[in-house]
Amino acid sequence: MKRERWRKSFSEWFNGILRSADIMDTRYPVKGLYVWLPYGLKLRNQVFGVIRQLLEQTGHQEVLFPLLIPEDIFKKEAEHIRGFEGEVYWVTHGGLDKLDVKLALRPTSETSIYPMFALWVRSHADLPIRVYQIVNIFRYETKMTKPMIRLREVTTFKEAHTAHATWDEAEAQVREAVKIYKRFFDELGVPYIVTRRPPWDTFAGAKYSLAFDTLAPDGRTLQIGTAHNLGQNFAKVYELKFETPDGKHEYVYQTCYGISERVIAAVMMVHGDDAGLCMPPTVAPIQVVVVPIPFKSKEAPVQQIAAAATNELVTAGIKAHLDDRDLRPGRKFYHWERRGVPLRLEIGPEDIEKDQVTAVRRDTGERQAIPRRALRNKVRELLEAIDGDLRERAWKFFKEMTHEASDVGTIKQLMDRRGGIVRVPWCGEEKCGLELEEKTGGDILGQELDGKPATGVCPICSKRAKLNILVTRTY
Ligand code: 5CA
Ligand code: ZN
């Protein structure tokens with residue numbers, strides 16, 4: 001299957017597929033807000049089911065906090081506010097009455113959750129706390145909004161918040177968050193690179209921020225998750241203290257980490273092709289579609305056997321769907337291809353005669369006959385193979401798009417030609433970082449986590465490099 005046309009006009013491809021694959025309607029009359037359609041919502045629930053399970057397995061408990069935060073509480077942590085003040089929506093009225101205290105629509109929930117932590121935590125025995133919620137948040141984004149990618153209402157914000165007795169425990173929790181996200185993105189077959197953000201791009205109120213980025217088909221990076229070590233910044237303003245075993249009162253150490261429906265955009269874009277979506281079987285709302293190919297006198301047995309095959313798969317825990325609509329098979333093929341159903345099973349008169357079904361892989365277009373008796377096992381095997389192959393194909397592109405360079409001209413050329421990620425030696429000075437961004441038209445993602453040591457010199461000041469940074473163009 002040819003897979004290049006869509007890369008060149010990726011934005012169009014993405015916007016087109018949202019509608020034609022029944023993911024999202026982008027015509028809602030408020031900028032930055034969109035409507036989830038049934039198939040899209042199923043996909044969303046599949047993807048967030050995976051992260052939910054991972055969090056539950058690693059000691060996180062789900063909670064649900066209110067959407068509104070009183071202004072006085074919201075504004076306590078100075079840096080946090082500086083970072084968010086331009087992005088907050090305010091509720092100023094209740095009916096006709098002006099509110100005494102304005103209410104913020106949460107842009108994230110630190111300031112809603114941590115004052116409650118302060119009520120819950122008394123002694124070291126109450127720690128650690130690990131909670132998460134999956135909620136909507138509002139951010140008045142001023143950059144160009146984009147469905148699923150840059151939203152003003154993020155409908156699916158998974159935020160985890162933790163509190164610990166020591167810095168080291170908080171540090172270990174950030175590492176744990178990275179591990180959890182790696183498992184999550186591996187499950188989705190989404191390639192990533194993890195970086196430590198430069199100081200000027202650290203989350204408002206954090207000691208430092210780590211971020212996961214993936215690559216869109218057009219060579220731009222997309223940030224798909226972050227993990228922050230908050231130190232005691234919030235604990236100090238919300239009086240979040242605990243009593244140590246020897247009777248002292250100390251502030252807790254905190255972390256938070258978040259992802260949004262942007263990860264769903266990532267799944268769609270890293271596996272897509274000219275014909276549409278290509279869902280990894282791990283999260284595909286429908287893993288197998290069964291299409292009867294009726295033929296004159298053989299209509300009844302074809303329908304019957306297709307239904308029986310579907311039932312057999314469903315009973316075996318496979319998400320199979322029988323498409324018995326009164327449409328030509330070709331129309332059905334197209335319909336499910338756009339939606340990225342990983343495997344199609346065709347059942348026609350010849351298949352019945354030979355006691356087989358014909359399987360067609362969405363990712364490769366490959367056709368093969370499966371003996372009817374081996375249906376369940378063979379389908380399982382094929383789904384697993386598709387899963388592995390999609391992950392490998394996505395990583396291959398990601399690696400091909402990762403370069404090394406140490407002079408401004410080459411970096412700029414790489415940025416202009418096909419994008420991707422460029423590893424660049426850097427002296428560590430903010431001034432040089434900003435100048436590098438300006439001269440290459442790139443954005444600095446930060447320092448690769450557990451990356452190689454730097455060699456060579458900074459392309460701006462020619463001093464010896466202290467570390468490598470990654471330069472890209474980001475969404
Ligand atoms: N409180 C922290 C961690 S829970 C926080 O808000 N971090 S964040 O600002 O980096 O957001 C976490 C992730 O949410 C980002 O990495 C990005 O993938 C996603 N995200 C942030 N803003 C938006 C937005 N406007 N639209 C879609 N996704 C967004
Ligand atoms: Zn320098």
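In each ligand, atom 1 is the first atom listed, and ligand 1 is the first ligand listed.
Under a cut-off of 6.0 angstrom, the local environment of NZ in Lys146 is crowded, with over 12 non-hydrogen atoms contributed by other residues, nucleotides or ligands.
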Practice item. Applying ring-ring contact (aromatic ring centres under 6.0 Å, His included), run through His161 and Tyr257 and close with a yes or a no. Key: CA-CA 7 Å; His161 296 270; Tyr257 27 105; 8.2 Å; no

Review point. Taking it one step at a time, do Tyr114 and Tyr238 satisfy ring-ring contact (aromatic ring centres under 6.0 Å, His included)?
Key: CA-CA 7 Å; Tyr114 301 166; Tyr238 292 110; 7.0 Å; no

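In terms of modelled atom types and a separation under 3.5 Å, the side chain of Ser260 and the main chain of Arg262 share a donor-acceptor contact. Using modelled atom types, no side-chain atom of Glu261 and backbone atom of Met148 make a donor-acceptor pair closer than 3.5 Å.
Salt bridge Asp416/Lys412: present, at least one basic N to carboxylate O contact under 4.0 Å.
Rounded to 10 degrees, the SG-metal-SG angle spanning Cys432 and Cys458 at the Zn ion (ligand 2) equals 110°. To the nearest 10 degrees, the Zn ion (ligand 2) sees SG of Cys427 and SG of Cys461 at an angle of 110°.
In this pair, Phe203 and His228 present their aromatic rings parallel. The plane angle is below 30°, not in the 30 to 60° band.
At a heavy-atom cutoff of 4.0 Å, ligand 1 is surrounded by Thr108, Glu110, Arg139, Glu141, Ile149, Arg150, Leu151, Val154, Phe157, Glu159, Phe203, Gln223, Ile224, Gly225, Thr226, His228, Cys256, Tyr257, Gly258, Ser260, Arg262.
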